[in-house]
Amino acid sequence: MGDWPELRGAAEDVAPRLLGAIVRRGSVAVRLTEVEAYAGEHDPGSHAYRGRTRRTAVMFGPAGRLYCYFSYGMHVCANVVVGEEGTAAAVLLRAGEVVEGLDVARERRPGVSDRDLARGPARLCRTLGIALADDGCDLARGPVRLELAATPPDPADVASGPRVGLRLAPDRPWRFWLAGDRSVSPYRRHPRADATSI
DNA sequence: AAACAGATCTACT
DNA sequence: GTAGATCTGTTTT
């Protein structure tokens, strides 16, 4: 562990491999059902598109760490850093289902149905208790841990389509989910999605 | 010191 | 389906 040979490839190749993996923090664990690939410096949709900054530094590091970012004034989202060190590839954790610690998860998200607990990237982080302080966390050591599925998902069970809510490069089909799973989040196009970039 | 961006969510119709 | 919330963290000057 800590080596993550499965995470070394291109983001769009590694992303489906994360479906069915378990993300654990404390007593709550989520099984991933939906992810998105971000290719780094050459991907207009990536935070790393304009190069390395303090915020994006973790993405340029080795695979197997957690990249967390803050958005819309109140939300935290998390990615698994993939690819070789020096590149900025990452996979956004978009949705999953709670498989452990349901009692704690419910307390964190009062009034929310079990189905919606981790149905969306910011919801997933809130349910797991992931905060900006977890940025850079080694996923082999914790506090946030990643446990890959023993075997990759059957390609027949994986669906793909455009990434959710991007203004730039809105049409790259780099969102992957387990077909038919109820915990997958709904697709929404960015209101100002750029019509020309791919 | 100031402007900006934002890979969302919730509520409401 | 649409609108508004919400406001920090990041980047730039």
Novice: For a quick test of your reading: what N or O donor-acceptor pairs under 3.5 Å do the side chains of residues 128-137 of chain A make, sequence neighbours left out?
Specialist:
{"residue": "A/Asp134", "atom": "OD1", "partner": "A/Arg25", "partner atom": "NH2", "Å": "3.4"}
{"residue": "A/Asp134", "atom": "OD2", "partner": "A/Arg25", "partner atom": "NE", "Å": "3.1"}
{"residue": "A/Asp134", "atom": "OD2", "partner": "A/Ala131", "partner atom": "N", "Å": "3.0"}
{"residue": "A/Asp135", "atom": "OD1", "partner": "A/Cys68", "partner atom": "N", "Å": "2.9"}

Novice: Looking at DNA chain B, which of residues 68-81 of chain A put a heavy atom within less than 4.0 Å of it?
Specialist: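 When residues 68-81 of chain A is checked for heavy atoms under 4.0 Å from DNA chain B, the hits, listed by number, are A/Tyr69, A/Ser71, A/Tyr72, A/Gly73, A/His75, A/Asn79.
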Novice: Is the terminal nitrogen or CZ of A/Arg163 (NZ for Lys, CZ for Arg) located under 6.0 angstrom from the six-membered ring centre of A/Tyr38 and within 45° of that ring's axis?
Specialist: yes
Novice: Between which nucleotides of DNA chain B, read 5' to 3', does contact with chain A run, using atoms under 4.0 Å from its heavy atoms?
Specialist: B/dG6 to B/dT10
Novice: Remember a base hit wins even if backbone is also touched, and classify A/His190 as base, sugar-phosphate or nothing at under 4.0 Å, heavy atoms.
Specialist: nothing
Novice: Report whether A/Val35 and A/Val80 are members of the same hydrophobic cluster (ILVMFWY, side-chain heavy atoms less than 4.5 Å apart, transitive linking).
Specialist: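 A/Val35 clusters together with A/Val80.
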Novice: Quick check: does any side chain N or O of A/Arg115 sit under 3.5 Å from a backbone N or O of A/Arg182, one acting as donor and the other as acceptor?
Specialist: yes
Novice: Taking A/Arg109 for the side chain and A/Leu117 for the main chain, is one N or O donor matched with an acceptor at less than 3.5 Å?
Specialist: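 Yes; judged by distance alone, with no hydrogens or angles, the pair exists.
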Novice: Using a 4.0 Å cut-off on heavy atoms, which residues in residues 54-62 of chain A reach DNA chain C? List them by number, or say none.
Specialist: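 Only A/Arg54, A/Arg55 qualify.
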Novice: Going only through I, L, V, M, F, W and Y residues with side-chain contacts under 4.5 Å, is there a path from A/Leu102 to A/Val23?
Specialist: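 Both belong to a single hydrophobic cluster.
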Novice: Please test A/Leu32 against A/Leu178 for side chain to side chain contact (heavy atoms under 4.5 Å, CB included), starting from the C-alpha separation and ending with a verdict.
Specialist: CA-CA 9 Å; A/Leu32 296 177; A/Leu178 293 177; over 6 Å; no
Novice: Start with the C-alpha gap between A/Leu148 and A/Leu146, add the side-chain angles, then the distance that decides, and say whether side chain to side chain contact (heavy atoms under 4.5 Å, CB included) holds.
Specialist: CA-CA 6 Å; A/Leu148 292 175; A/Leu146 175 69; 4.2 Å; yes
Novice: What pairs with A/Arg172 under salt bridge (Lys or Arg N to Asp or Glu O under 4.0 Å), at least two apart in sequence or on another chain?
Specialist: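 With sequence neighbours excluded, A/Arg172 shows a salt bridge (Lys or Arg N to Asp or Glu O under 4.0 Å) to A/Asp43, given in chain and number order.
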Novice: For the pair A/Asp3 (side chain) and A/Pro5 (backbone), establish whether a donor and an acceptor sit closer than 3.5 Å, ignoring hydrogens and angles.
Specialist: no
Novice: Could you tell me which non-hydrogen atom of A/Val81 sits nearest to which non-hydrogen atom of A/Gly61, and how far apart they are?
Specialist: CG1-O, 3.8 Å
Novice: Okay, side chain of A/Arg24, backbone of A/Arg145: is any donor-acceptor separation there less than 3.5 Å?
Specialist: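 No, because the side chain of A/Arg24 does not come within donor-acceptor range (under 3.5 Å) of the backbone of A/Arg145.
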Novice: Looking at residues 159-166 of chain A, who's got a heavy atom less than 4.0 Å off DNA chain B?
Specialist: A/Val164, A/Gly165, A/Leu166
Novice: Got a sec, which residues hit salt bridge (Lys or Arg N to Asp or Glu O under 4.0 Å) with A/Asp114, two or more places apart in sequence or on another chain?
Specialist: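 In terms of salt bridge (Lys or Arg N to Asp or Glu O under 4.0 Å), with neighbours along the sequence ignored, A/Asp114 is linked to A/Arg106.
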Novice: For residues A/Pro173 and A/Ser160, report the shortest heavy-atom separation together with the two atoms involved.
Specialist: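 Shortest heavy-atom separation between A/Pro173 and A/Ser160 comes out as O-CB, 4.1 Å.
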Novice: Counting only pairs under 3.5 Å, give me each side-chain donor-acceptor contact of residues 86-96 of chain A, with atom names and distances, residues two or more places apart or in other chains.
Specialist:
{"residue": "A/Thr87", "atom": "OG1", "partner": "A/Glu84", "partner atom": "O", "Å": "2.6"}
{"residue": "A/Arg94", "atom": "NE", "partner": "A/Glu34", "partner atom": "OE2", "Å": "2.9"}
{"residue": "A/Arg94", "atom": "NE", "partner": "A/Ser185", "partner atom": "OG", "Å": "3.4"}
{"residue": "A/Arg94", "atom": "NH2", "partner": "A/Ser185", "partner atom": "OG", "Å": "3.3"}

Novice: Within residues 127-137 of chain A, which residues have any heavy atom lying less than 4.0 Å from an atom of DNA chain B?
Specialist: none
Novice: Can you tell me which residue pairs pass the salt bridge (charged side-chain N to carboxylate O under 4.0 Å, His left out) test with a partner in residues 119-132 of chain A, sequence neighbours excluded?
Specialist: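 Qualifying pairs, neighbours excluded: A/Asp116-A/Arg119.
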Novice: Which atom pair, heavy atoms only, marks the closest approach of A/Ala63 to A/Gly83?
Specialist: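 Shortest heavy-atom separation between A/Ala63 and A/Gly83 comes out as CB-O, 3.5 Å.
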Novice: Quote, to the nearest angstrom, the C1' distance that separates C/dC7 from B/dC12.
Specialist: 22 Å
Novice: Can you name the nearest heavy-atom pair linking A/Val164 to A/Arg175, along with the distance?
Specialist: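 Heavy atoms only, the tightest pair is CG2-NE, 3.6 Å.
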Novice: I'd like to know whether A/Tyr67 forms a side chain to side chain contact (heavy atoms under 4.5 Å, CB included) with A/Thr56, so could you lay out the CA-CA distance, the side-chain angles of the two residues, the decisive distance to 0.1 Å, and finally the verdict.
Specialist: CA-CA 8 Å; A/Tyr67 164 56; A/Thr56 61; 4.3 Å; yes
Novice: May I ask you to list the residues of residues 98-126 of chain A, by number, that have any heavy atom positioned under 4.0 Å from an atom of DNA chain B?
Specialist: A/Arg109, A/Gly120, A/Pro121, A/Ala122, A/Arg123
Novice: Just to be sure I understand: a Watson-Crick pair is purine N1 to pyrimidine N3 plus N6-O4 or O6-N4, both under 3.5 Å. Using that and G-U wobbles, which stems of three or more pairs involve DNA chain B?
Specialist: B:1-6 with C:7-12, B:8-12 with C:1-5
Novice: In Å and rounded to the nearest 0.5 Å, what is the NE2 to OG distance from A/His47 to A/Ser71?
Specialist: 6.5 Å
